[in-house]
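Taking it in order: structure first as structure tokens, then the write-up.
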Amino acid sequence: MTNLTLLTFVLLLTNPSFSLSRPRCRRCKQTSCDCSKQNLRDVPAAPSKLITKLDLSFNHLSTITKDDFVAYASLQSLIVNNNMIGTIQEQAFDPLTNLTELDLSSNQLDSLSAEWFESLVSLQHLNLLGNRYETLGQGNLFQPLKRLKTLQFGGLDLRSVRKSDFSGLASLEEVVFDGRNLQAYAEGSLRRVRPLKHVALSLRGPFKKNLALVEAVLSDVAHPNTKLTFTNTSFFRNRQINPFRVLKEGGTTDFTFKNVNITLGAVVAFFNTMSDSNITKFSVIDTKIFLSFASNLPENQHFRGWEEIVLMNVDIPQFYNFPALFFLEPLLNVVRRVSLINVKLYNVVCENSRDFSRLEYLDVSDNMLNDDTLGEMMCNGELDFSGLQTLNLSWNNLHSINSRLFTKLHELENIDLSGNAVYRMPETCHWPPRLQFLNLSSALLIEVTACLPKSLRILDLSHNALTVFTIQLPYLTKLYISGNKLSILPEASLLPRLSFLFVENNDLQTLGSTVLNVYNNLTTIEAGAQSYECSCDFVAFMTSDLTRQRVTIADEIESYVCDSPDAMRGKRVTDARLSVFECQMALALSVLCAGILAVILLVVGLCHKFSVPWYVRMMWAWLRAKRKPKLKKGELEYDAFVSYSEMDSGWVEAHLIPELEQNEPPLRLCLHKRDFLPGGWILDNIMEAIEKSHRTLFVLSQHFVNSEWCKYELDYTHFRLFDHNDDAVVLILLEPIDKDTIPKKFCKLRRVMNSRTYLEWPDDDNQIARFWQSLRSAIKRPENGERNDIEETLNL
Ligand SMILES: *[C@@H]1O[C@H](CO)[C@@H](O)[C@H](O)[C@H]1NC(C)=O
Ligand SMILES: *[C@@H]1O[C@H](CO)[C@@H](O)[C@H](O)[C@H]1NC(C)=O
Ligand SMILES: *[C@@H]1O[C@H](CO)[C@@H](O)[C@H](O)[C@H]1NC(C)=O
Ligand SMILES: *[C@@H]1O[C@H](CO)[C@@H](O)[C@H](O)[C@H]1NC(C)=O
Ligand SMILES: *[C@@H]1O[C@H](CO)[C@@H](O)[C@H](O)[C@H]1NC(C)=O
Ligand SMILES: *[C@@H]1O[C@H](CO)[C@@H](O)[C@H](O)[C@H]1NC(C)=O
Ligand SMILES: *[C@@H]1O[C@H](CO)[C@@H](O)[C@H](O)[C@H]1NC(C)=O
């Protein structure tokens, strides 16, 4: 290897933008690359400098080098969770000054370095969960991250948190802290970033072994404006609840258990501990509650400030032994908002529900209530929740709409009955007077009736099996009716105030400004996700400037698809191209007709110009004549047919007739003036005359040339000439004709004159006798056996 190539090689290897050895990412769009799960061992080459989002999660990266992101200077989001990253070189993230999101979770980093974050001045979201570090670096780790809003840190190995760990985080709003094995916590560490909006703590180990540490953490984060969530922990002993005392002092208002295992005793202990606290909202989410001995419940008055309880996805294993949610009773009597979502609720007895008198909002969706137990819960319509505004009964086991259960809920404005297999609604119903919102989506309805309350402002009938909507709702402004089988839009006159219409995924065939403008107050429609008949009007409407329409199409234009015509099936309406013929049928037809007419006129004109009809008729006549048996010599009626121009009739009458017909032996001439049958078609006459004559005599003159008529006669004879190949034509030249002056269309005459000798009418009187003699012998019929060759005769 020469020195030069070695040098180039070394340069290539050390050049940071050298990317030949880098893998390629297979899923890149203009500004984002999704390289997740591609078995990558190295950061792939940047397809362009404009990439702002790079997802490298679930690969096999183990080291991040300082060259890896040189080509990614525009990056805003870098996701590298679930790799095997153990090492990150100190300047690796230096180019990423615009980075706002960095996810390094679930890797194998065993130490954290402040150098990494030196240049990440734009970073807002940082996730360091699930690594192997035991401490948060050497202190001041996050100092450069002045804009950081959310910080997620900790994991299996995190042992200690020191006082300076969170210095510099001036904008922090949210912390997720996994301290499941935390052993040391310097008091006041998290206090310096107080108050945060949300803190999620996972302190399973400390809750088991080190309640003092828990208390230290809690007293640092507790604040009236901080929502607290306790995750991934088990509370099996009541004393584990003790640390929450400090929340009372901190003034915590919003508290959540999420993804925990807890005994009923611990829950009750929590209530006891938190009685007379400033808590307003208490949530239990994704949690298992185990039945256990519970101490006495505190009195109602201890929960005076509580407003909202949320239980969502709560699993109570021994549910059927369980006095239905009795532990909530003292709370339910005071709070105003209750959500019991997916907690296997199947019954609330009337006596209990009577006590929930302060409720304004009740969400019991996704439970097991049926028509009977709902009737029980609502005390068969006698229940008087004077303040209830919202009732969510969606996704239960209801099979009917029993509006009488709600009639006395005078304040009720919203009711959600979606997701119940209702099938049919009654013909008439009795709803509370203020009802504005009704959700009957996914209820298997096949028709709607006047049961729908007239006072409705918003109605959701999505995902049913409706084919028409013909109910008058004078106040309705929003109608959700997607996922049905409507083939026409709801009658506009029945919905005078409608301004939002959602009709995706139905059987509509078309849409257009005329259809939409019938709705006086419609401003927005969503009608995609279905196949349309791509008529010209529809395609024109969809491809026009829709922003100039009064009604806005709010969903993706790409989801409007053509079903017909066949050639367009499956295409997006915006890609449909219809031919002019399909679209401007009337115009296209008239243009076509005009074209055809023009061609016809042209053909007629040309025919006229070139006498085509005459030729056709002549041809026909000739064909007929050809089929007729040719007359024998004896049957010929005339000796000669004389063809002449009218202008030359003087000569014919004064010289030709007398000479040939009156002198001995008289010849019989056929003259059109005299011998043609009156009334017959002239051509027939001519033909017959020629047929019946022994010779045809042409009297040529300038007049003859000028006369159309004579040309035809000539033409016909010419046909015959070729036909019979016998010499039946005699030409008389009355005056000299310059062959070159004969018009082109008389080419026949030219040719005949060229190919035949002719008799010239002499100027000299002495020659006249000889002329007549020659003529007579040219016309004369041969005696039997005598040869009569006109060429010979004329050969003067
Ligand atoms: C970083 O963001 C700023 C403002 O959004 C922009 O002007 C600049 O071009 C970006 N830098 C890079 C390297 O993309
Ligand atoms: C809760 O208990 C279940 C077993 O019942 C267990 O699988 C799960 O990991 C526990 N969750 C927590 C957060 O301890
Ligand atoms: C809690 O556990 C769930 C899985 O059970 C996990 O997805 C989540 O990240 C954990 N949260 C914390 C803060 O450890
Ligand atoms: C609890 O709320 C009351 C009334 O809003 C307020 O005066 C008191 O300071 C709060 N307690 C704490 C510890 O923030
Ligand atoms: C009722 O609950 C369902 C499911 O939990 C939810 O999607 C819906 O938005 C709720 N309805 C109202 C009116 O809050
Ligand atoms: C109606 O209920 C369904 C299912 O519970 C929900 O997804 C939808 O958002 C609700 N409609 C409205 C308008 O809130
Ligand atoms: C039509 O809508 C506008 C604004 O959305 C509203 O102010 C007006 O009252 C509506 N007209 C009718 C007849 O409902």
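These numbers were taken from a predicted model, which means no experiment stands behind them. Counting starts at 1 for both ligands and their atoms, in listed order.
Which parts of ligand 5 touch Ser365 is read off a 4.0 Å heavy-atom cut-off, strictly below it: atoms 2 (O), 4 (C), 5 (O).
For atom 12 (C) of ligand 2, the closest heavy atom belonging to the protein is Asn261 ND2, 3.3 Å.
Aromatic pair Phe235/Phe230: centroids not less than 6.0 angstrom apart.
Electrostatic pairing of Arg245 and Glu215 counts as a salt bridge here, judged by a charged N lying under 4.0 Å from a carboxylate O.
Geometrically, Arg497 does not engage Tyr475 in a cation-pi contact, judged by NZ or CZ lying under 6.0 Å from the ring centre and within 45° of the ring axis.
Atom 9 (O) of ligand 2 is not flagged as protein-proximal [any protein heavy atom, distance under 4.0 Å].
At a 3.5 angstrom cut-off on N or O pairs, Ser234 counts as close to ligand 2. Any N or O atom pair closer than 3.5 Å counts here, and Thr390 shares no such pair with ligand 5. Ligand 3 has no nitrogen or oxygen under 3.5 angstrom from a nitrogen or oxygen of Arg180.
The residue among Thr229, Asn232, Leu201 with a heavy atom at the shortest distance from atom 6 (C) of ligand 3 is Asn232.
In this structure, Asp416 is part of the shell of residues with a heavy atom less than 4.0 angstrom from ligand 5.
Annotation for Arg147: atom CZ does not count as buried by contact number, only 12 or fewer foreign heavy atoms lying within 6.0 Å.
A donor-acceptor contact under 3.5 angstrom links the side chains of His125 and Thr150, judged on distance only.
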